[in-house]
Amino acid sequence: MAPSLEELEAVQDVLANPLKQKPQLVAPEPEHCPGPESEQAGVADSCAGCPNQKICAAAPKGPDPDIPVITARLAGVRHKILILSGKGGVGKSTFTCLLAHAFATNPDTTVGVMDTDICGPSIPKMLGVESETIHVSSAGWSPAWAMDNLAVMSIQFMLPNRDDAIIWRGPKKNGLIKQFLKDVEWGDLDFLLVDTPPGTSDEHLSVNTFLKESGIDGAVMVTTPQEVSLLDVRKEIDFCRKAGIRILGLVENMSAFVCPKCKHASEIFRATTGGGRALAQETGIHFLGSVPLDPRIGMACDYGESFFDSFPDSPACAALKGVVRELAVQVGLDGKDIMLE
């Protein structure tokens, strides 16, 4: 494949203006053009007579006016945590659901889960609310409630058929994420967990921009032990550092398979370069723990049940409880805020 000849935008410019849509000019910029994204675009003296004048004048300028609205809407949310990886298939959505159930074990704690994986929304299935729909009131969109203290919002609730594909470009995805934050009646939450798709692109930039003013506690990195997974996680770590997102810690998922009968551990994904623990040491990130592979986690997700309630005897359950406790400490909580035995 031939290399692209398009000039790449500066990293800091992309992070500062992730949703910026460049005007579709009908003619080249004239010699003394102030720039189609300038505050003077379309109104400067040099714009007189330019065929692009109306286009540039109508282009959006300045900060997004919806960000203060989002900040006000989320004023009742105490902690906002992003679940990231950069790699698909490492268990981000599964870990998000497990984390939501873990925090929701305390009846005095209210948890919200926002599914920003627009093209692959699996959270409703895992939390047992796949058949729910969005209800609209004067206060905004009402999330679906998987439990009395566990709310969920996903594009899955808006699809006529659960197997319908979402074939959207970036701006439309960004617009829906904004609606999830601006129009959803989240109310008072102790935790808002944001499940993200693989990569470091549109959805991640949008969430970071929209939530930056209201405050993000940080991000949890999820990986599997093999180097192929760690390659993408390193990029996600770099993204967080460039975007100014605190990394709360790293979880190594599917670290081994523990036989439920003999308790022998088998490395399904061999850590050829040291796995998640080595990556955490290399990058200076807190290592939250390793979670072994247990087929019953997938079974619990398929049936929309809490893995903690259904299979408390699993080695994975004990490991997950340790990870949750470590994460609770990272966001400034103590053991009283979660009720894991």
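Remember, predicted model here, so these are calculated numbers, not experimental data. Computed over heavy atoms, backbone and side chain alike; hydrogens, waters and symmetry mates excluded.
- Between the OG1 atom of Thr209 and the CD1 atom of Ile177 there is a distance of 10.5 Å, given to the nearest 0.5 Å.
- Distance check, rounded to the nearest 0.5 Å: CD of Glu203 to CD1 of Ile118 gives 6.5 Å.
- Between Gln156 and Lys125 the shortest side-chain heavy-atom distance does not fall below 4.5 Å.
- Distance alone, capped at 3.5 Å, places no donor-acceptor pair between the Ser93 side chain and the Ile123 backbone.
- The backbone N or O of Ala102 sits less than 3.5 Å from a side-chain atom of Thr105, completing a donor-acceptor pair.
- With sequence neighbours left out, the salt bridge (Lys or Arg N to Asp or Glu O under 4.0 Å) criterion links Asp294 to Arg296.
- For the pair His204 (side chain) and Pro197 (backbone), a donor-acceptor distance under 3.5 Å is present.
- Proximity of Pro143 to Met153: side-chain heavy atoms (C-beta onward) are separated by under 4.5 Å at one or more points.
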Might you work through the side chain to side chain contact (heavy atoms under 4.5 Å, CB included) test for Gln40 and Ser46, ending with a clear yes or no? CA-CA 10 Å; Gln40 295 297 311; Ser46 58; over 6 Å; no

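- Between the CG atom in Leu327 and the CG atom in Leu333 there is a gap of 8.5 Å [rounded to 0.5 Å].
- Qualifying side chain to side chain contact (heavy atoms under 4.5 Å, CB included) partners for Thr273, counting only residues two or more places apart in sequence or in other chains: Glu227, Leu230.
- Leu250 is not listed as a side-chain neighbour of His286, based on a closest heavy-atom distance of 4.5 Å or more.
- Using a 3.5 Å distance cut-off with no hydrogens or angles, the side chains of Thr224 and Ser229 do pair a donor with an acceptor.
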Output, in order, the C-alpha distance, side-chain angles, deciding distance and verdict of salt bridge (Lys or Arg N to Asp or Glu O under 4.0 Å) for Asp217 and Arg246. CA-CA 7 Å; Asp217 283 66; Arg246 178 192 173 200; 5.7 Å; no

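- No donor-acceptor pair closer than 3.5 Å links the side chain of Lys235 to the backbone N or O of Gly199.
- Ion pairing of Arg234 with Asp238 is absent here, as no side-chain N (NZ or NE/NH1/NH2) approaches a carboxylate O to less than 4.0 Å.
- Considering all non-hydrogen atoms of both residues, Asn149 and Ala104 come closest at ND2-O, 3.0 Å.
- For residues 153-172, the salt bridge (charged side-chain N to carboxylate O under 4.0 Å, His left out) pairs, not counting sequence neighbours, are Glu130-Arg162.
- In terms of heavy atoms, Ala265 sits closest to Ala256 at CB-CB, 4.4 Å.
- Counting only distance, with no hydrogens or angles, the side chain of Asp117 and the backbone of Gly120 share a donor-acceptor pair below 3.5 Å.
- Nearest approach of Phe180 to Trp186, heavy atoms of both residues: O-NE1, 2.9 Å.
- A distance of 4.0 Å separates CD1 in Ile247 from CD1 in Ile285, rounded to the nearest 0.5 Å.
- When hydrophobic clusters are built by joining Ile, Leu, Val, Met, Phe, Trp and Tyr residues whose side-chain heavy atoms come closer than 4.5 Å, directly or via intermediates, Met158 is grouped together with Val184.
- For the pair Phe308/Leu320, a side-chain contact is recorded, criterion being any heavy-atom separation below 4.5 Å from C-beta on.
- Counting heavy atoms from C-beta outward, Val222 and Thr94 have side chains that stay 4.5 Å or more apart.
- The side chain to side chain contact (heavy atoms under 4.5 Å, CB included) search around Ile216 returns Leu82, Asn208, Leu211, not counting sequence neighbours.
- Between Ser85 and Asp232 the shortest side-chain heavy-atom distance does not fall below 4.5 Å.
- One distance of note links CD of Glu213 with CD1 of Ile67; it measures 6.5 Å at 0.5 Å rounding.
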Output, in order, the C-alpha distance, side-chain angles, deciding distance and verdict of side chain to side chain donor-acceptor pair (under 3.5 Å) for Glu305 and Ser310. CA-CA 7 Å; Glu305 299 175 351; Ser310 301; 3.2 Å; yes

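- Residue-environment remark: CG (Asp313) exceeds the threshold of 12 foreign heavy atoms within 6.0 Å.
- Under the 4.5 angstrom side-chain criterion for Ile, Leu, Val, Met, Phe, Trp and Tyr, the cluster partners of Phe257 are Met254, Ile268, Phe269, Leu293.
- Counting heavy atoms from C-beta on, the side chains of Val251 and Val220 come closer than 4.5 Å.
- In this structure, Cys301 SG and Leu127 CG are separated by 8.0 Å, a value rounded to the nearest 0.5 Å.
- Scanning for side chain to side chain contact (heavy atoms under 4.5 Å, CB included) contacts around Glu267 gives Arg270, with sequence neighbours left out.
- Gly91 approaches Asn253 most closely through the heavy-atom pair CA-ND2, 3.7 Å.
- With hydrogens and angles ignored, the 3.5 Å screen pairs no side-chain donor or acceptor of Asp183 with any backbone N or O of Trp141.
- Under a 4.5 Å side-chain heavy-atom cut-off, the cluster of Ile, Leu, Val, Met, Phe, Trp and Tyr residues that includes Val258 has no other member.
- Through direct or indirect side-chain contacts shorter than 4.5 Å among Ile, Leu, Val, Met, Phe, Trp and Tyr, Met126 is connected to no other residue.
- By the side chain to side chain contact (heavy atoms under 4.5 Å, CB included) test, Cys50 is found to be paired with Pro30, Asn52, residues two or more places apart in sequence or in another chain being considered.
- The minimum heavy-atom distance between Thr223 and Gly276, with the atom names listed, is CG2-CA, 4.2 Å.
- When hydrophobic clusters are built by joining Ile, Leu, Val, Met, Phe, Trp and Tyr residues whose side-chain heavy atoms come closer than 4.5 Å, directly or via intermediates, Trp168 is grouped together with Leu205.
- Legend: residues meeting side-chain hydrogen bond (donor to acceptor under 3.5 Å, both in side chains) with Thr133, ordered by chain and number and at least two apart, are absent.
- Under the 4.5 Å side-chain heavy-atom criterion for grouping Ile, Leu, Val, Met, Phe, Trp and Tyr, Leu181 is connected to Val136 within one hydrophobic cluster.
- A donor-acceptor contact shorter than 3.5 Å links the side chain of Lys212 to the backbone of Ala243.
- Summarising the geometry of Pro292 relative to Ala319, their closest heavy-atom pair is CD-CB, 3.6 Å, with the distance given to 0.1 Å.
- Using cut-offs of 30° and 60° for the angle between ring planes, the Phe191 and Phe103 rings count as parallel.
- Judged as a ring pair (Phe, Tyr, Trp, His ring centres under 6.0 Å), and not counting sequence neighbours, the contacts of Phe307 are Phe311.
- In the hydrophobic clustering of this structure, Leu193 does not group with Trp145; members are Ile, Leu, Val, Met, Phe, Trp, Tyr whose side-chain heavy atoms approach within less than 4.5 Å, directly or through other members.
- A continuous path of hydrophobic side-chain contacts links Val331 to Met221 [ILVMFWY only; heavy atoms under 4.5 Å].
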Would Thr196 and Val194 count as a side chain to side chain contact (heavy atoms under 4.5 Å, CB included) if you check the C-alpha gap in whole Å, the side-chain angles of each, and the deciding distance to 0.1 Å? CA-CA 6 Å; Thr196 62; Val194 182; 4.2 Å; yes

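- Residue pairs satisfying the salt bridge (charged side-chain N to carboxylate O under 4.0 Å, His left out) criterion with at least one member in residues 184-197, sequence neighbours excluded, are listed as follows: Arg78-Asp190.
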